[in-house]
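Just follow the structure's listing: the first ligand is 1, and inside any ligand the first atom is 1. Everything quoted here is computed from the prediction, not taken from an experiment.
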Amino acid sequence: MKILFLNGPNLNLLGQREPSVYGSDTLATIEAAVRERAAQLKATVDFRQSNLEGELVTWIQSAKGHYDAIVLNAAAYTHTSIALRDAIAAVGIPTIEIHLSNIHAREEFRHKSLIAPVCRGQISGFGAQSYILGLMAAIGVK
Ligand code: DQA
């Protein structure tokens, strides 16, 4: 099982960025925890972050034939990106939407996810644990 973790804009700042909302773990710490759990479950993980919408689109496109599932924290692009939504729909790889914070308990503009309809499901609000839950969901998808 090969799983691609993709992280969108500003997630490179985790640890220093609004810790009361996103927690104090860095993305590197989260990646290490995901890798440790994935190894226990005999899954292979690639883990990437970009601030660029087009780069995320390209990574989703090129995942076809190489990954069994995608776990995606699209960050702010969740709420704006038709391009990401179209890329997920185009490749047809089971994709799990994840968020550290509970987007439905925050500002109204975060309540709408443009990618949710083309994802298998959404995990939101469990902090760094959302990534582990995303891994478990990805392992379970067919
Ligand atoms: C986020 C939630 C988004 O609304 C926000 O723009 C982010 C992070 C989360 O993980 O909670 O950058 O995706």
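Asn51 and Glu53 form no side-chain donor-acceptor contact under 3.5 Å, judged by distance and modelled atom types alone. Using modelled atom types and a 3.5 Å distance limit, the side chains of Glu97 and Ser113 yield a donor-acceptor pair.
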Name the atoms and distances for all side-chain donor-acceptor pairs under 3.5 Å in residues 131-140, with sequence neighbours left out.
unit_1 : atom_1 : unit_2 : atom_2 : d
Tyr131 : OH     : Asn7   : OD1    : 2.6
Tyr131 : OH     : Asn73  : ND2    : 3.2

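Within the structure, salt bridge (charged side-chain N to carboxylate O under 4.0 Å, His left out) contacts touching residues 106-118 (residues at least two apart or in different chains) are Glu107-Arg110. Contacts classified as ring pair (Phe, Tyr, Trp, His ring centres under 6.0 Å) and involving residues 20-61 (residues at least two apart or in different chains) are given here: Phe5-Phe47.
Under a hydrophobic clustering in which Ile, Leu, Val, Met, Phe, Trp and Tyr are joined whenever their side-chain heavy atoms come within less than 4.5 Å, directly or via other members, Ile3 and Phe126 fall into the same cluster.
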One pair per line, please: each N/O atom of ligand 1 matched with every protein N/O atom under 3.5 Å away, atom names first, then the distance to 0.1 Å.
unit_1   : atom_1 : unit_2 : atom_2 : d
ligand 1 : 4 (O)  : His79  : NE2    : 2.7
ligand 1 : 4 (O)  : Arg110 : NH1    : 2.9
ligand 1 : 6 (O)  : Ala76  : N      : 3.2
ligand 1 : 6 (O)  : Arg110 : NH1    : 3.1
ligand 1 : 10 (O) : Asn73  : ND2    : 2.9
ligand 1 : 10 (O) : Leu100 : N      : 2.8
ligand 1 : 11 (O) : Leu100 : N      : 3.3
ligand 1 : 11 (O) : Ser101 : N      : 2.8
ligand 1 : 11 (O) : Ser101 : OG     : 2.6
ligand 1 : 12 (O) : Arg17  : NH1    : 3.1
ligand 1 : 12 (O) : Arg17  : NH2    : 2.9
ligand 1 : 13 (O) : Asn73  : OD1    : 2.8
ligand 1 : 13 (O) : His99  : ND1    : 2.8

